[in-house]
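Written out below as structure tokens is the structure these notes cover.
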Amino acid sequence: MHYLSPEFALIFVGFLWLYWWAGSAYGVRAQNHLLLGASYLFYCSFDWRFALLLINFSLVILLLAQAIRTPDGTRRRWPVIAGVAIALLNLGIFKYYNFFREEAMALLSPIFTGASLPVLELVLPVGISFYTFQGIAYLVSVGRGEYKAATLPDGLLHLSFFPTLLAGPICRPNELLAQIESPSQRAIVAPEWAILLVISALIKKVWLAAWLAEEWANPVFSNPESYHALELVGGLMAYAWQLFFDFSGYTDVVTALALLLGFNLPVNFRQPYLATNLSDFWKRWHITLSRWIRDYVYIPLGGNRGNWGLTQLNLVIAMTLSGFWHGASITFVVWGLWHGIGLVFQNLWHKVSEWRLPAVIGQIITFIFVCLGWLLFRAEDWDSVSAFVKGFGEWDIVPSLNWLGLLLAMVVFFTLARHAQAIMDKSALALRKLPWWGQSFCLLVCALAIMELAPAGMPGFIYFGF
Amino acid sequence: MQLDEKPFLAIEPESQHPSALAAISLACVLLVAIKGNALLQYWQQTHHIFLELGNLPTASQLIPGSQTFAHWQQDFNRWGDERAERMLVAGQLLLAGDKALPKPQVVMAPTKCPEVATPKATAPTCPAPATNEKPTAEPSKTSVPVVANINIAPSEKKEAKTVDTTESPSTTDDPAFVMPEATPEALAAANAPIALQTGDRILLVGDSLMQGVAPHLITALKRNYNVESMDISRHSTGLTYPAFFDWPATVKAAFELENYQVVIVFLGANDPWDMTLQGKYVRYGSERWREVYSARVKQIIQTTAEHNARLIWLGAPPMGREDLLGKEPLLNEIYATESARYPLFARFVATAPSLSTDGSTFTKFLELPERGSVMVRTDDGVHFTTQGQKLLAKLTLAQFTHAAPSTEQPPVPPMAEPGVIPAEPKPTASPAPVEPTPPAQQPNPAISQR
């Protein structure tokens with residue numbers, strides 16, 4: 001079931017009544033039990049085997065976390081090491097086996113003629129990358145003594161909480177688990193924000209991302225040879241915005257769902273295309289993943305505790321692994337490497353020169369760099385990348401796409417991004433002043449308008465595939 | 001929004017969940033009341049539920065002024081389309097200059113009307129002399145390479161007609177359509193690879209199966225035959241739920257906009273489900289179901305035949321998803337039977353032998369020469385990996401060959417590696433099965449982009 005599908009909306013609204021009634025009648029524990037049951041049912045709607053895998057994974061992680069603390073108050077290390085190894089092995093088998101199998105066979109074939117590794121027909125469980133990272137974060141936090149081990153029901157809910165299960169945000173234990181464990185009664189104190197975020201998600205995902213994909217990104221990426229160089233540039237920019245609208249639209253809707261359940265999720269996006277340099281970009285794009293990579297890859301590798309050269313090496317390794325996390329493909333690895341090398345160049349500049357680019361120039365250069373990275377992100381293989389790059393030299397074709405219209409849309413997007421926070425704050429304030437039926441009417445009108453404006457169909461969220 | 005900076009729980013301990021729930025519930029109820037039919041079609045198509053329900057009475061009909069709103073919406077859409085068309089032309093002129101302008105057309109004397117090149121529908125009379133000798137920058141006269149995944153919904157047909165006045169009248173549903181005689185020579189020519197020549201146009205029709213294959217096919221056809229392709233495939237569609245998306249009407253509308261020499265159809269993943277017809281439940285595979293589905297297949301083939309185009313119907317692949325297991329043979333039987341009724345125009349190409357080790361069951365990994373075992377189907381048991389898509393593009397490409405060279409034609413570019421393995425060389429065949437193909441109309445980019 002899709003978060004923005006009509007069936008999910010109707011079932012969720014019914015569930016909300018039950019959930020809040022249980023809260024007032026039986027308290028927070030009952031609400032947690034309901035949430036746990038709903039989360040597993042929700043996951044079963046994709047495939048019951050996914051739920052089986054998740055419960056196995058969760059039990060292993062939670063039991064190992066329980067084993068960390070000794071009776072005398074010290075902490076064991078082996079459960080953390082074992083837990084991280086099991087989590088990564090689990091992810092590796094389901095997500096990366098076939099990638100490594102084909103690569104390993106390619107390497108082995110010159111040495112061992114006819115070498116063949118067994119084929120495993122595995123299905124990638126949706127959300128596995130996200131709950132694996134959340135599980136590791138929990139285990140390491142307990143191992144470091146930053147957080148105490150959770151009870152079984154709370155821990156299971158922490159790793160299966162349905163708003164964040166499929167594509168994050170990747171929560172630290174002190175963000176989500178702390179709210180699950182809190183004995184105080186849950187409350188919705190800002191319903192206008194939930195309504196506003198649902199409207200924002202509909203605009204971003206159902207309308208803008210779908211429109212950009214259908215009109216620009218899909219045609220241009222599927223057949224780059226037939227388009228003028230400027231159309232390819234336009235298609236790449238359109239894909240950049242499509243990706244942002246898609247994933248931040250997803251984040252908006254799950255944040256709204258969590259708010260309606262009385263939870264507060266961490267922020268995942270802060271207008272990334274307004275970033276003035278690459279490190280700024282990574283503080284604004286998929287923030288919960290960036291900080292996970294920083295906390296659990298970059299810092300354990302040594303972070304900036306060594307010399308300058310070692311710090312840069314750690315950075316490149318962390319970014320490359322981040323790329324690999326996105327998908328078992330060499331193009332994702334190179335995408336991570338691209339950003340890693342970009343960050344090294346930026347750091348080198350900052351080391352040798354005090355001079356900084358004006359903010360606007362920095363924004364433009366960062367956006368171009370990020371867009372070129374998205375080309376690797378989108379491409380299925382090297383042939384697609386080279387065909388697209390080759391198309392940048394094609395200036396003789398008569399354009400068939402409305403590139404002036406896209407240019408106008410880009411100007412609008414960048415302008416709105418600058419004022420997005422203020423617009424949201426003011427809209428929330430205005431919505432708050434309305435009675436409940438007025439808020440309802442606003443949601444209805446927006447939903448109807450978006451249904452009319454959006455292209456037909458309900459495309460899936462891009463990040464569900466990661 | 002910086003939620004982490006807003007201590008919701010700390011500032012206001014009093015929960016507003018009753019009003020929040022009331023607001024959201026009311027919005028949902030009203031949305032279902034207004035959009036009931038659209039939701040029903042969506043659920044029927046995607047989850048195959050509520051099939052027994054016919055059309056729902058919708059509250060939208062009761063809302064005062066809904067007609068006025070519909071008119072406003074139409075006006076707004078028209079206004080938007082006009083702006084987009086102007087911007088497109090301006091963009092073309094800015095980038096391509098004179099090349100974006102059409103070549104002036106010479107006014108032909110009526111007596112010089114070439115009979116052989118006249119489409120069947122306009123055969124009785126010669127077309128009126130062209131009056132568009134002025135080099136205007138109308139979008140309908142500009143050249144468009146390829147527009148992928150465009151939307152040619154049947155509802156846009158009327159508006160499209162008002163723009164493109166040079167198209168031939170529609171002959172679909174024309175009772176006067178007579179199947180040409182299938183002489184042995186004509187049949188032999190029809191069974192040979194389809195001859196393509198520079199400038200031919202190909203229409204790609206289908207669901208998400210075609211959406212995966214189309215990009216590879218478009219590139220390969222462009223490189224090998226210098227032909228243009230129009231991909232109008234759309235995910236979640238098929239022939240079982242025309243209320244959700246009507247492919248026969250869409251293909252008809254596409255032909256009314258432009259001429260195509262070849263149509264390639266690849267669908268079926270959303271089709272092996274029960275139907276409802278006038279409120280009656282029709283089981284998948286029943287006699288009535290076959291009859292209705294066959295008629296829809298036939299409509300597409302007939303539209304193609306009436307426009308003297310060739311059609312390649314790619315068979316549905318073996319499915320690995322539990323609820324689709326073993327269902328595609330019936331669909332393929334219908335596609336093959338209906339294609340066989342129009343032997344001069346349509347051909348059925350089974351995809352199973354190329355995608356399966358035993359030629360009929362779902363196979364995720366295939367042993368390919370030089371590549372070893374590769375994954376050709378995705379985890380969902382329906383769609384294809386890039387390798388699978390390339391295999392199907394190769395299979396389709398093998399149905400074509402170059403038209404016999406003509407002195408008036410530009411030289412054919414050499415065969416290139418298009419990302420798919422090139423098709424095996426086939427003997428040259430007659431370019432047209434029965435009648436000469438009418439000259440291709442120039443596409444209208446402004447319309448095509450919708």
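Hydrogens, waters and symmetry mates are skipped; everything else that's a heavy atom, side chains included, is used. To find a chain, count down the sequence lines: A is the first, B the second, and so on, and within it residues start at 1.
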Under 4.5 Å from any heavy atom of chain B, what part of [X] do you find: side chain, backbone, both or neither?
{"X": "A:Asp396", "value": "both"}
{"X": "A:Trp17", "value": "both"}
{"X": "A:Glu7", "value": "both"}
{"X": "A:Leu16", "value": "both"}

Requested in this report: Under the side-chain contact (heavy atoms from CB on, under 4.5 Å) rule, collect the residues that match up with A:Ser24, sequence neighbours excluded.
Outcome: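 For A:Ser24 there are no side-chain contact (heavy atoms from CB on, under 4.5 Å) partners, ignoring immediate neighbours.
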Query raised in the report: Is the side chain of B:Gln92 donor-acceptor paired with the backbone N or O of A:Pro399 at a distance under 3.5 Å, no angle test?
Result: yes
Query raised in the report: B:Cys28, B:Gly381, B:Ala20: which one forms the most heavy-atom pairs within less than 4.5 Å of chain A?
Result: B:Ala20
**Report entry** Options B:Ala214, B:Gly91, B:Ala90, ranked by heavy-atom pairs under 4.5 Å with chain A, top entry
**Finding:**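 If we count pairs closer than 4.5 Å to chain A, B:Gly91 comes out on top.
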Do you know which two heavy atoms are closest between [X] and [Y], and how far apart they sit?
{"X": "B:Ala23", "Y": "A:Ser440", "value": "O-OG, 2.8 Å"}
{"X": "A:Val13", "Y": "B:Ser25", "value": "CG1-OG, 3.3 Å"}
{"X": "B:Ala27", "Y": "A:Leu444", "value": "O-CD1, 3.7 Å"}
{"X": "B:Leu88", "Y": "A:Asn402", "value": "N-OD1, 3.7 Å"}

Gap separating the [atom1] atom of [X] from the [atom2] atom of [Y], nearest 0.5 angstrom:
{"X": "A:Glu214", "Y": "B:Arg234", "atom1": "CD", "atom2": "CZ", "answer": "5.5 Å"}
{"X": "A:Glu225", "Y": "B:Lys222", "atom1": "CD", "atom2": "NZ", "answer": "9.0 Å"}
{"X": "B:Ile24", "Y": "A:Ile188", "atom1": "CD1", "atom2": "CD1", "answer": "7.5 Å"}
{"X": "A:Leu230", "Y": "B:Leu95", "atom1": "CG", "atom2": "CG", "answer": "5.0 Å"}
{"X": "B:His17", "Y": "A:Leu260", "atom1": "NE2", "atom2": "CG", "answer": "11.5 Å"}

Requested in this report: State whether the number of non-hydrogen atoms from other residues, nucleotides or ligands found under 6.0 Å of A:Arg284 atom CZ is greater than 12.
Outcome: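 Atom CZ in A:Arg284 is crowded, with more than 12 foreign heavy atoms closer than 6.0 Å.
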Report task. Taking atom CZ of A:Phe441 as the centre, report whether more than 12 heavy atoms of other residues, nucleotides or ligands fall under 6.0 Å from it. Result -> no
Validation row: [X], [Y] side chains within 4.5 angstrom (heavy atoms):
{"X": "B:Met87", "Y": "A:Leu408", "result": "yes"}
{"X": "B:Leu94", "Y": "A:Leu404", "result": "yes"}
{"X": "B:Leu26", "Y": "A:Trp436", "result": "yes"}

